[in-house]
Structure formats: C-alpha cells, structure tokens
Amino acid sequence: MHSITAYGGPQGHLAMMLKTFVHQRRDVTEQELMEYNAFCQLLPGASSSQTLTLIGYKRGGISLAVATLLIWIAPACILMGSLSFLLQYFDQKALNTDIFKYVQPMAVGFLIYGSMRAFRISIRNLATTMIMISSLLIAYFFKSPWTFPCLIILGGIVSNFSDKRIPDIQDKPKKIRWTNIWLFALLFILAGFFSELARTHDWITRRPFNLFENFYRFGSLVFGGGDILIAMMLEQYVSRAKTQFMSAEELLTGAGIMRALPGPTFSITAYVGGMVMRNLGPGYQLLGCMLAPVAIFLPSLLLVLFFFPIWHNLKKYVVIYRALEGINAVVVGIMWAATIILFMAIPQNGYTIAVTAVTLTVLLLSRIPSPFIVLACLILGWLL
C-alpha cells in the first residue's frame, strides 16, 4: 500500500513512513526511523528506498529487506517502463492530465506533517534548533548534490561540542557482512570491463552491457536524489551521446510523469532504459525496462546492508552518539526546506492551499490511512 500511495519524493516518503510504519504498524520507533533516514543520507543512491530496506531488515533480516525493496520499486517501475512503450501513442497534451493536479498540494501537507513530527522528535535544545535553521537555509539556497551529505557531516561535527551524557547501549554488535561490499566492488569492475569490451569490439549485443554499466555507476555515485539522476542521464543519453538515444523533451516528459506517480523517483530509470533500447525491438526494449532499475537499485541495496552494521556498532562510541543529535537536526532542516521549495513550486490558489490545509488537518486529527487521502485527492482532481 505504501508503494502505490507514497508521493512527494524522499522527504514526502519519510512523512508517510512516520504515519504508516511508526504510528500504525509500529515496525520501528520514531527515533529508529529518523536514524535510518539520517544514515541513508550519507550514502549514494536512493535514500527513501534504502530507509525502507532497513525497516525490512530490522523485521526479517536480509530476505525481508530484499523483498521490501522489490515490492517498493515494482509498481512505479512497471508504470514508467510501460510509458516508454506508450509514449508514441500520446501527444504532449494527452499526457498532461488534470487528475494529478491536487497531488502536489497533498504531498506538501504530508511534508508539513512529517516535518512537525520530526521537529518534535529531534529538536530539543538551542544547539539543535540552530543546526536545523542553518540547514534549512543552506538546503534552500544551495541545491548542489553535495549539499545533503556535507550538511549531515557538519551537523555531526557541531553537535560533538556538546557535553551530552551517553547512556549505556545494550544492543549486541551486529555482524558485518563483507560479502556485500566485495560483491558491490566486483560488479562495479565487471560492469565497466564488459561495457568497454562490448564497445571496443562492437558487439551486436553491446547496448545492454553499456546500459547496465551506466546505471550501476549512477547508482553507486549519485547524491541528491532524482533531480541529480535526471541531470546525469541527460548528460549521458542526450547531450554527449554520439547517437542520441532520446530527446531532451522525451526525458523531461518522463520526469514530469514520474513526479505524478507514487513510489521512488529512481523509477524513471525503467522509462529511460526502455527508451534507450527501443530501436532494437520490443524484446530489447523490455530488457532495458528491467535492466536499468536493477542496475540503479542494486548498489543502494549492497551499500546499505554493508554499512548499516558498521554504523550500528559505532554508535556505542561517544563521538558517533553525539553526532546523531546534530545529524537528526540537519534532516529536520532539510525536510522543512523541501516543504518550502515544493509549496512555492505549486500554483498558489484557494484550492491548492485548501487541499494542503485539509490534508495536514486529517493527518493530525484522525487515523484515516494514507491511501484514502491520496484517492480523495485524485477524485477531486477528476471532478474539479
């Protein structure tokens, strides 16, 4: 249900996770969810997908973590992959449907709700308040892909100047699975090797090798979420490609539709993978729709499952424990910045403001499940 109703990008997804997995299902505590999210912001890849993976990991180990990730990405990737087949049958006006026009105001309501809950959890003194405000301003005015990880590191450093007492941590150390990092490195090397071999020897089947290498590299290096990924794909497949695999308009059309769909923003890779392979025939196009999402999410999975036990074991040290206070404050500042940016981006009229206000009120005062709120906004967009 989360995978087909989670709108609003990583920060919006976090707000929905607070409602679904903390308050309704009680899979994790508020503190655990904020810690998971802060940790995932330090890693490259899809942060909201990594956070959900850790929720599954906590409840059922690696097998449930993998299942959770697959269930989370499947609906959005299927829809975006289908778009690469259907695009030729639609013109730009046909894609610009009004049914989603109240989804963004709804997402703002979820963001405000999540930001308020996170503020209550993480902001407890003057130092964390100042860290949050500084992070909000920097994240709002400086939109570099390095802004988030740099802010998180700085927040952890600043909060170490406190003399906060460290409670006893009773958790047993988690076993570090070195297989994950070796597999990550091996796949990175092999993908690059076979991609270059296919290119230099002009293999007939070289494009799937090139596609996997491109997206595995993107997933291993991208910080800053879907917008940065779109910029990387624009550079790879539109700007500097000897053979232009797709036009800038086609890429931006996919990006626009992706924002109107629930699920991870990295699901756009299913669309781009299909578009890159479309001139080789439907079979190759379908392969591209499947290969690109696997390649983009696989590094995120391997990295988070390797580094999380290390992070867990380091928490017993005073430096790391104090850093968590500042890191969580930075996350709250980033959530408020995302809320303001998204609110300023939507049309400012009575309907959108009312949808945002009603969504927030319903979340605060009722236990209505998130899917019903999303459905109500879709029906409203269809009727008005």
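Just so we're clear, the structure is a prediction, and the values are computed from it rather than from any experiment. All residue numbers in this chain count up from 1 along the given sequence.
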Participant: In this structure, would Y271 and V294 fall into the same cluster of hydrophobic residues linked by side-chain contacts under 4.5 Å?
Facilitator: no
Participant: Where do Y36 and F39 land on the ring pair (Phe, Tyr, Trp, His ring centres under 6.0 Å) test, with the steps shown first?
Facilitator: CA-CA 5 Å; Y36 291 175; F39 164 69; 8.4 Å; no
Participant: Are I133 and F343 linked, directly or through other ILVMFWY residues, by side chains that come within less than 4.5 angstrom of each other?
Facilitator: yes
Participant: Once you round to the nearest 0.5 Å, how far does CD1 of I123 lie from CD1 of I131?
Facilitator: 8.0 Å
Participant: Can you check whether L303 reaches P44 side chain to side chain, under 4.5 Å on heavy atoms?
Facilitator: yes
Participant: Ignoring hydrogens, what is the shortest heavy-atom contact between S115 and V332? Give both atom names and the distance.
Facilitator: O-CG1, 4.4 Å
Participant: If you round to the nearest 0.5 Å, how far is CE of M233 from CZ of F218?
Facilitator: 7.5 Å
Participant: Can you tell me how far the CZ atom of F266 sits from the OG atom of S300, to the nearest 0.5 Å?
Facilitator: 6.5 Å
Participant: How close do H23 and L18 get, heavy atom to heavy atom, and via which atoms?
Facilitator: ND1-O, 3.0 Å
Participant: Find out whether L33 and N37 are in side-chain contact, i.e. whether some heavy atom of one side chain is under 4.5 Å from a heavy atom of the other.
Facilitator: no
Participant: State, yes or no, whether a side-chain contact exists between H13 and W72 at a heavy-atom distance under 4.5 Å.
Facilitator: yes
Participant: In terms of hydrophobic clustering (I, L, V, M, F, W, Y; side-chain heavy atoms under 4.5 Å; direct or indirect links), are L190 and Y216 co-clustered?
Facilitator: no
Participant: Kindly indicate, with the supporting measurements, whether the criterion side-chain contact (heavy atoms from CB on, under 4.5 Å) is fulfilled by Y140 and W336.
Facilitator: CA-CA 9 Å; Y140 182 82; W336 279 115; over 6 Å; no
Participant: Is there a continuous path of hydrophobic side-chain contacts, each under 4.5 Å between heavy atoms, that joins I71 to L64?
Facilitator: no
Participant: Is any side-chain heavy atom of L52 closer than 4.5 Å to one of H2?
Facilitator: yes
Participant: Is T352 reaching over with its side chain to a backbone N or O of N349, donor-acceptor style, under 3.5 angstrom?
Facilitator: yes
Participant: Assess the residue pair I55 and R25 against the criterion (side-chain contact (heavy atoms from CB on, under 4.5 Å)); give the C-alpha distance rounded to whole Å, side-chain angles, the decisive distance to 0.1 Å, and a yes or no.
Facilitator: CA-CA 11 Å; I55 295 174; R25 288 182 45 83; over 6 Å; no
Participant: Determine, stepwise, if the pair T20 / M1 fulfils side-chain contact (heavy atoms from CB on, under 4.5 Å).
Facilitator: CA-CA 10 Å; T20 302; M1 293 304 293; over 6 Å; no
Participant: Let me know which of R26, K58, R59 forms a salt bridge (Lys or Arg N to Asp or Glu O under 4.0 Å) with E32.
Facilitator: K58
Participant: For residues L302 and N180, determine if any side-chain heavy atom of one lies less than 4.5 Å from a side-chain heavy atom of the other.
Facilitator: yes
Participant: Within the 4.5 Å heavy-atom criterion, are Y57 and V304 side-chain neighbours or not?
Facilitator: no
Participant: Hey, what do you get for CZ (R207) to CG (L211), rounding to the nearest 0.5 Å?
Facilitator: 9.5 Å
Participant: Please report the shortest heavy-atom distance between N210 and S195, naming the atom on each side.
Facilitator: ND2-OG, 2.8 Å
Participant: Any heavy-atom pair between the side chains of V28 and L54 that's under 4.5 Å?
Facilitator: no
Participant: Using side-chain contact (heavy atoms from CB on, under 4.5 Å), reason through L136 and I340 one step at a time and then give a plain yes or no.
Facilitator: CA-CA 9 Å; L136 188 161; I340 296 169; 4.0 Å; yes
Participant: Quick check: does any side chain N or O of S3 sit under 3.5 Å from a backbone N or O of G263, one acting as donor and the other as acceptor?
Facilitator: no
Participant: Are the side chains of E196 and R199 in contact, using a 4.5 Å heavy-atom criterion?
Facilitator: yes
Participant: Hydrophobic cluster membership, with links at side-chain heavy-atom distances under 4.5 Å among I/L/V/M/F/W/Y: are F215 and F193 in one?
Facilitator: no
